[in-house]
Amino acid sequence: MAVSSSATSTVMNNVEAVRATLYEAMKNDDRTVIIGEDVGPRGNVFLITKDFINEFGAERVIDTPIAEASIVGIAVGMAMEGLRPIAEIQFADFIYPAFNQIVGEAAKTRYRSNGEYTCPLVIRTPYGGGVRGALSHSVSIEALFYHVPGLKIVAPAFPADVKGLLNAAIDDPDPVMFLEHKKTYRLIKGEVPDGHYTIPIGKANVLKEGSQLTVVSYGLYVHWALEAAQQLQADNLSVEVIDLRSIRPMDRTTILNSVEKTRKLLIVHEDNKFGGIGAEISAMVAEEALFHLDAPIRRLCAPDVPAMGYALPLEEEYMSSPAKMAAAMREMVRF
Amino acid sequence: MSVHNDAPSSAKAKAFERHGLSDAQLIAMFRIMLAQRVLENRGFQLNRQGKIPFASASEGHEAVQAGAAMAFERGKDILVPYYRDLGLELGIGLTPYEVLLSLFARAADHSAGRQFPHHYANRTLGLHTISSVIAAQLPHAVGAAYALQYRKERGRAVLVTFGDGATSEGEWHESINFAAVHALPIVFLCENNEWAISTPLSKQTAQPDLYKRAEGYGIPGVMVDGMDAIACYAAVKEAMDRARCGGGPTLVEAKCYRFLSHTTDDDDRTYRSREEVVERRKSDPVPRFEALLAEGGILTAEDAQALKRSILDEANQATDRAESMPYPLPQDLYDNVYADGWQPWR
Ligand SMILES: Cc1ncc(C[n+]2csc(CCOP(=O)(O)OP(=O)(O)O)c2C)c(N)n1
Ligand SMILES: [Mg+2]
């Protein structure tokens, strides 16, 4: 982590960390503009950009029509012409109309022009469930995009990572999708170093060292995995927990080093299992480290259903929990 | 670009409305139209010879593109084209050699041989990179216009083009709507050739006058005869001038026609009659413009012949030169996925 001189820090939750980082970006570079729905006087539905419009003006805090394809597409054009847009999709569930602009345009701008045009763009969006958001305010979208070369995707879990990775995303010369788990917005608090710093995109974080099992996760589930691993620690079972932080590019080295040490791998994510991030990690470990493994790789992910339901039992059935994770971890350690 | 109102050079010459275009500019427009036709035919020839896998052409669009190119200020304006815009691109400074590099997919091509023919990217010319995805370029054009307005770069504007089929896409609507809300410096130029591959305009929309949609967005909409180069120049120029000085966007619809099949992979006999095509050929904008210049005493028959010869020579030289250039190397596949240093997984 590249921390600036200041050694002080402030306690914030994730939503405050997003807000503080965006604020600094707006203050420090007048090429930065925020474009999205209800980001102006309302200050975003989670109040992330509250009062920004008063300080930075409506030209830089742009309330758009409800038109996601053009929110991203216009930001692509701005980025091509020298601005540093931060596009917001109000909820990840509404990103589908922008799929073409993200996958077909933003991700390929540099490649198709052989570097003549580039697309330094950040697309921020709240995702994830466990908030009684039902079918259209709960989805995970990372697997739909992580297949796409030319994109970067980050999904931080802690406020300090939110700041460092959002700064890195804003500085990045290529398009970055910045996924914010909405259940962690106010739930997760932590120390955030003051001053400007970045965390490199593509570097995972070993949150807890352990010797008997590697658990890889990201987003909300990192917190639950950590909680579960600590429960096991009480029984002297030693689990290593890796927070991916970046989904693309993915930190293969950290995962492989850990698996070669612990010889067992469990992947937990909120997105459904089929074709999810865990599928790629499993394939990668099978290709690179099969003979280091003492147990089959296991994925603890959402079932293959279209979405979590609104009713509490449906949401709970879809979501994992620290208890479910701890049970899976115990089974694997004992395997 | 300086604009003077030259008097016709011959006493018996027929005067016509030239909207301030000088003789030199009119001849330059004719040159663009000829070069467009020659270079696109070259693409079809190379395809038939088995030398390139694909080509497309814009025969029937020459007048609108030469006219629009004259209304574009080089070094200032930004062009966000679509794939059927060779004349417009030549008209803002793209060279025949660059065209042939694109057709042959050589390493020296702007996309290093990655893109389909006629998908250029040249920042010096203000020429944006595009995909083949219909209407996907419109939001980029609007974003570029926003950047100009945000930086208060008065005197600059964006010209974005598209076909009639593109007007059915959501991004088309979203883009014009946003540009209108913010009164952005942009001109939306529709090259309505009445066909989208095999789909006629009547199946695209129940309102054949596309320019009328402008009213729904609260911006000016104008219709122009897309076979009349000077009228196209005048319409686009007026719209660009308005955009450049803070007057907001305009939708210009140029009614033209696609004389050839959609691409070398299409056969238009499967969906439209020869009679229709023959009938529409009668208003071919290239001979029409040549006749106008001849009658106006601006271009003699000998001058026209010399011009055609020089364009053909240039096209031949460009063909030989580009063909002799190397393909990209296999390892070039891996460049420019991200900024420096990225090694793709293999
Ligand atoms: C989003 C999308 N859908 C379909 C296509 C396939 N396609 C290529 S050209 C074309 C017709 C476009 O017609 P129009 O916009 O009128 O332009 P023209 O080719 O007539 O100049 C279609 C359907 C595409 N390129 N992009
Ligand atoms: Mg058409």
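We name chains A, B, ... by the order of the sequence lines, and we start the count at 1 in each one.
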Check against side chain to side chain contact (heavy atoms under 4.5 Å, CB included), B:Y146 and A:I35: CA-CA 11 Å; B:Y146 195 96; A:I35 175 166; over 6 Å; no
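Checking A:R112 against B:T129 by side-chain atom types alone, a donor-acceptor pair falls below 3.5 Å. A:E81 and B:H140 share no donor-acceptor pair across their side chains, judged by distance under 3.5 Å alone. Residues A:R60 and B:Y150 have side chains that bring a donor and an acceptor to within less than 3.5 angstrom of each other.
Contact between A:N100 and B:E171 at its shortest, heavy atoms only, is ND2-OE2, 3.0 Å. Contact record, A:P149 with B:V337: CB-CG1, 4.2 Å, taken as the closest heavy-atom pair.
Only the side chain of B:H182 comes within contact range of chain A, with at least one heavy atom under 4.5 Å from a heavy atom of that chain. Proximity to chain B (any heavy atom under 4.5 Å) is shown, for A:D172, by neither the backbone nor the side chain. Neither the backbone nor the side chain of B:A141 comes within contact range of chain A; no heavy atom of the residue lies under 4.5 Å from a heavy atom of that chain. Contact annotation for B:L138: neither backbone nor side-chain heavy atoms come within less than 4.5 Å of a heavy atom of chain A. Proximity to chain B (any heavy atom under 4.5 Å) is restricted, for A:A58, to the backbone atoms N, CA, C and O. Proximity to chain B (any heavy atom under 4.5 Å) is restricted, for A:V33, to the side chain, taken from C-beta onward. Residue B:D109: no heavy atom, backbone or side chain, is found under 4.5 Å from chain A. Using a 4.5 Å cut-off between heavy atoms, B:R114 touches chain A through its side chain atoms alone. Looking at A:A69, the atoms closer than 4.5 Å to chain B (heavy atoms on both sides) sit in the backbone and in the side chain alike. The part of B:L127 that comes within reach of chain A is its backbone (N, CA, C, O), which places non-hydrogen atoms under 4.5 angstrom from that chain.
Expressed to the nearest 0.5 Å, how far OG of A:S113 lies from CG of B:N122 amounts to 11.0 Å. A distance of 14.0 Å separates OH in B:Y120 from CD in A:E116, rounded to the nearest 0.5 Å. Atoms NZ and CG, on A:K108 and B:N336 in that order, are 14.5 Å from each other to the nearest 0.5 Å. Atom CD1 of A:I71 sits about 9.0 Å away from atom CZ of B:F178, to the nearest 0.5 Å. Taken to the nearest 0.5 Å, the CG atom of B:L148 stands 11.0 Å off from the CE atom of A:M78.
For B:Y327, the OH atom sits in a loose shell: 12 or fewer heavy atoms of surrounding residues, nucleotides or ligands are nearer than 6.0 Å. More than 12 heavy atoms of other residues, nucleotides or ligands lie within 6.0 Å of CG in B:L329, so this atom counts as buried by the packing criterion. Taking a 6.0 Å sphere around CZ of B:R321, one finds it holds 12 or fewer heavy atoms contributed by other residues, nucleotides or ligands. Heavy atoms of other residues, nucleotides or ligands lying less than 6.0 angstrom from CD of B:E215 number 12 at most.
Panel note: side chain A:Y111, backbone B:Y334; no donor-acceptor pair is recorded below 3.5 Å. When atom types are taken as modelled, the side chain of A:D174 and the backbone of B:A339 share a donor-acceptor pair closer than 3.5 angstrom. A distance-only check finds a donor-acceptor pair linking the side chain of A:Q101 to the backbone of B:A136 [under 3.5 Å].
The residue among A:A67, A:G82, A:P173, A:C119 with the most heavy atom pairs within less than 4.5 Å of chain B is A:A67. With respect to chain A, the highest number of heavy-atom pairs below 4.5 Å among B:Q115, B:H110, B:H128 belongs to B:H128.
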